[in-house]
Amino acid sequence: MGAIRLSLRSPLSFVLIICATLVDAALAEYRRPNVVLILADDLDVAIGGMVRLRLLFSSCACGLLPLLKYKCTHEGGFGCFVASPLCCPSRASILTGKYPHNHHVINNTLEGNCSSQAWQKSEEPGAFPALLQEHGYQTFFAGKYLNEYGASEAGGVEHVPPGWDYWFALEKNSKYYNYTLSVNGRPEKHGQNYSEDYLTDVLANVSLEFLQHRSSKPFFMMVSTPAPHSPWTAAPQYENSFASVRAPRDPSFNVHGKDKHWLIRQAKTPMSNSSVKFLDDAFRKRWRTLLSVDDLVEKVVKKLESTGELDNTYIIFTSDNGYHTGQFSLPMDKRQLYEFDIRVPLLVRGPDVKPNQTCQMLVANVDLGPTILDIARYNVSKTQMDGMSFLPLMNGNRGNGTWRTDILVEYEGEGQNITDPSCPLLGPGVSECFPDCVCEDSYNNTYACVRTMSPSGNLQYCEFDDSEVFVEVYNLTADPFQLNNIAKSIDQEVLEKMNHRLMMLQSCSGASCRTPGVYDSGYKFDPRMMFGSHSLRRRKLRQALK
C-alpha cells in the first residue's frame, strides 16, 4: 500500500495540526516553570555589597548588577526592600509573604518567635513552600533557615518543616566550619576540612546532586548561603583577595547622625582609628566569602543548562537584609531604618524576563512568596499573604498604574536588661555594643516606617515607639544618603497623611496591605482615623514636632 500524502488542504492534516497544538498546550501546562531562590545573608546593595559581583562580570554587556557568569543578558534587576532589617523576621517574611506584625517573628530569639513552636504551628503550614508542594512541586532546601532552627526547645534538628521533600538545614546561625546540618531530620556534623566541610561548597554540592537526581516534577530549590554573614571565613583560595579594598567612604561614612534617634546620635564621631581598621578588614572578608557564592551560582546554572532545564527555570538572587560599615559612625550591623540596611539586591533570570532591565517599581521581600506561587500557576488570591506578585513586572508590564507606591518596614529593638560593663554610662537596655561604647541596638530602637516610591514622592517616614514618638523623615530624591531629617520642616499635611498611612499599614492584613498609598490617586485620607485609640500617640507626635 502506498504512503498517505497529506496536503495543507487535507481535512486530516488540519486534524493532526489541531491535535499537535493541543498536545503542545497540554505539555506546556504540565511543564510548569522551575524556581531557584538563592538567598544571601547580610548582603547590602547600597554601600557596595554587589560591586564585587559587577567587577567579576565586568565583561558582560548586562544591565545593573549582573548576576550570572554567562547568558547574563537574560536577567532583570529590581530594587527590593525588606520588611524588617534583621535575619529571622526578614526570612519569616520571605517564607510567609507577611509583614512581621502578622507572622509575629520580632527578633532572632526563641522568645521573639524565631523558629519557635508557635511559629511552627501557626506559620509553617501556610508558608509558600508547603503550598508549592501541595501544588505538585518537588521542593529542596539547603542552608540557613531561621536563626534558632534546631534549638532543643523547638524540636531540635529532627523537626523538618512541612513543605520540603529534601531538607539540608543549618542548625542555628551562619557558620562556615564546625556546624551541624539537619539532613531530612537526621543530624550530620561537619568539622574544619575545607574539601568536605566548607558550608558554601557543601550547599553547592548537595544542590547539584538534587538537580541530577530530581524527579520529573517541576521543582523549587532554595539555597541559603552563610555569606557574607560573620564570621566572614573565606575559602582558602580566596583568603588574600581584595587586599587593598576599603569600606566605601560615602557621604554618610563616619559622620555624626544629627537629628536622628538617640541610638544613632550616641555613636562616637569621628570613629577611632582602630574601629575604622576593624570595619575595613571586615568589609574585605565579606567580599571574599562572596567569591564562593559566585562559584555556587555558576555551578547551579551550568547544571541547569546541562540537564536542559535552564530555559524553563526562574533564578532569583536576593538577601535577607542589608548591612552597614561605618555609616553615621556605626561600626557594623543591620537593624536600622536607613537604605543601607533595608534595601537588598534582587536579580532575576527566567522565561520571558526582559533582558537588561532595571525595574524601579517598589518591590519588597513579602512579594517573593506570592511571585513564586504565581510562577507555579497557583492562585495567590487563595492565600492570606500581604505581598503581591511581581511576575508581571518581570515580564515587562510595569503595572499600568496599578502597582503599589509604598511598603511597610518594621523592627522591634533588642536590649539587655543589665548594664553593659564596658559601657556603664549608657545604662541598661542596649545591645550589640562595640568598642568605644557604640551600641547598635536598644529596646527603644523600635520603629515602623512607610517607604514611598512614586513619580510624585520618594520619601521615608518613620516613627519610633518610645516616650517621645521620635520621627524621622527623608526626601530620598534630594537627600539619597539620608543626612537630613526633615520631620520638622516638611509640609504638615504630608506629615499627617504619612502618619495616617503608617497606622493603616501597621494594622493591615492580606489585601488591605495593598491598598492605595499617599501618592496614589485612590488614596482616601480620613483624619478621624488619627485619633481614637491613637490619641495619646498622636498628641506625643504633635508635641515632638513643635
Side-chain angles (χ1 to χ4, degrees), residues 33-41 43 49-50 52-60 62 65-75 138-144 165-170 174-177 179 181 183 188 190 193-215 218-229 233-239 241 286-319 345-351 353:
N34 312 305
V35 183
V36 175
L37 173 61
I38 300 174
L39 181 65
D41 195 350
L43 179 59
M50 292 293 288
R52 200 219 57 70
L53 293 179
R54 280 192 284 178
L55 291 173
L56 185 62
F57 305 123
S58 59
S59 62
C60 292
C62 304
L65 305 178
L67 167 61
L68 307 175
K69 285 191 174 178
Y70 54 94
K71 296 186 182 294
C72 59
T73 55
H74 288 208
E75 307 107 37
Q138 190 174 31
T139 56
F140 168 92
F141 180 87
K144 176 178 172 179
D165 294 307
Y166 296 90
W167 180 253
F168 298 84
L170 176 68
S174 283
K175 294 181 180 179
Y176 298 81
Y177 293 109
Y179 55 86
L181 288 178
V183 180
E188 179 181 279
H190 285 258
N193 183 324
Y194 167 69
S195 62
E196 298 177 356
D197 301 315
Y198 189 69
L199 182 56
T200 307
D201 291 353
V202 169
L203 301 182
N205 292 337
V206 296
S207 298
L208 299 182
E209 186 176 350
F210 166 74
L211 291 173
Q212 184 64 43
H213 300 291
R214 61 183 177 76
S215 71
F219 63 84
F220 169 68
M221 185 168 76
M222 182 172 178
V223 186
S224 182
T225 74
H229 195 286
T233 308
Q237 65 270 31
Y238 299 134
E239 286 177 346
S241 303
R286 283 163 51 80
W287 271 20
R288 290 166 183 160
T289 66
L290 287 169
L291 290 169
S292 294
V293 177
D294 289 332
D295 294 338
L296 179 154
V297 172
E298 183 180 24
K299 291 173 183 175
V300 168
V301 173
K302 284 184 174 179
K303 176 59 74 173
L304 288 168
E305 187 172 50
S306 69
T307 57
E309 292 290 347
L310 183 60
D311 290 340
N312 192 43
T313 301
Y314 285 86
I315 302 173
I316 303 172
F317 181 92
T318 189
S319 177
L346 176 59
L347 308 177
V348 183
R349 183 203 191 281
V353 173

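When a residue number appears, it is its place in the shown sequence, counting from 1.
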Heavy atoms, side chains only, cut-off 4.5 Å: are Leu211 and Thr307 in contact?
no
Close side-chain approach of His190 and Leu181, heavy atoms under 4.5 Å
yes
Rounded to the nearest 0.5 Å, how far apart are CD1 of Ile316 and CG of Leu347?
10.5 Å
Is there a side-chain contact between Lys144 and His229, using heavy atoms and a 4.5 Å cut-off?
yes
Side chains of Ser241 and Leu291: closer than 4.5 Å at any heavy-atom pair?
yes
Chi angles and distances behind the ring pair (Phe, Tyr, Trp, His ring centres under 6.0 Å) call for Tyr166, Phe141
CA-CA 6 Å; Tyr166 296 90; Phe141 180 87; over 10 Å; no
Could you check whether any side-chain N or O of Asn34 sits under 3.5 Å from a backbone N or O of Pro218, counting only pairs where one atom can act as donor and the other as acceptor?
no
Does Val183 offer a backbone N or O that forms a donor-acceptor pair with the side chain of Glu188 under 3.5 Å?
no
For the residue pair Val36 and Thr313, establish whether any side-chain heavy-atom pair is separated by less than 4.5 Å.
yes
Could you tell me whether the side chain of Tyr198 and the main chain of Ala235 form a donor-acceptor pair under 3.5 Å?
yes
Would you confirm whether Ser224, through its side chain, and Gly143, through its main-chain N or O, come within 3.5 Å as a donor-acceptor pair?
no
Distance check, rounded to the nearest 0.5 Å: Leu304 atom CG versus Asn312 atom CG?
10.0 Å
Nearest heavy-atom approach of Ala40 to Phe317 is CB-CZ, 4.4 Å
Who passes side-chain hydrogen bond (donor to acceptor under 3.5 Å, both in side chains) against Glu239, sequence neighbours left out?
none
Give the ring-plane orientation class for Phe210 versus Phe140, where under 30° counts as parallel, over 60° as perpendicular and anything between as tilted.
parallel
How long is the straight-line distance from CG of Asp197 back to OH of Tyr176, given to the nearest 0.5 Å?
15.5 Å
Start with the C-alpha distance between Lys303 and Gln212, add both sets of side-chain angles, then the distance that settles side-chain contact (heavy atoms from CB on, under 4.5 Å), and finish with yes or no.
CA-CA 8 Å; Lys303 176 59 74 173; Gln212 184 64 43; 2.7 Å; yes
Partner of Phe168 under side chain to side chain contact (heavy atoms under 4.5 Å, CB included), picked from Val206, Val202, Leu203, Val223, is Val206
Thr139 (side chain) donor-acceptor with Asp165 (main chain) under 3.5 angstrom
yes
Closest approach of Arg288 and Ala234, non-hydrogen atoms and distance?
CB-CB, 3.6 Å
Does atom CD (Glu309) have a neighbourhood of more than 12 heavy atoms from anything else shown, all under 6.0 Å?
yes
Supply the atom-to-atom distance Thr233 OG1 to Tyr177 OH, rounded to the nearest 0.5 angstrom.
7.5 Å
Closest approach of Thr200 to Leu296 (non-hydrogen atoms, all atoms of both residues):
O-CD1, 3.6 Å
Are Leu290 and Leu43 side-chain neighbours, meaning at least one heavy-atom pair lies under 4.5 Å?
yes
With sequence neighbours left out, write down each residue that passes side-chain hydrogen bond (donor to acceptor under 3.5 Å, both in side chains) with Tyr238, or none if nothing qualifies.
Asp295
Grab the two heavy atoms, one from Tyr194 and one from Pro236, that are nearest each other, plus how far apart they are.
CD1-CD, 3.3 Å
If I take atom NE2 from residue His213 and atom CG from residue Leu208, how far apart are they, to the nearest 0.5 angstrom?
10.5 Å
Give me the atom names and distance for the closest heavy-atom approach of Ala227 to Thr289.
CB-OG1, 3.4 Å
Contacts of Thr318 that satisfy side-chain contact (heavy atoms from CB on, under 4.5 Å) - sequence neighbours left out
Leu37, Leu39, Val344, Leu346, Leu368
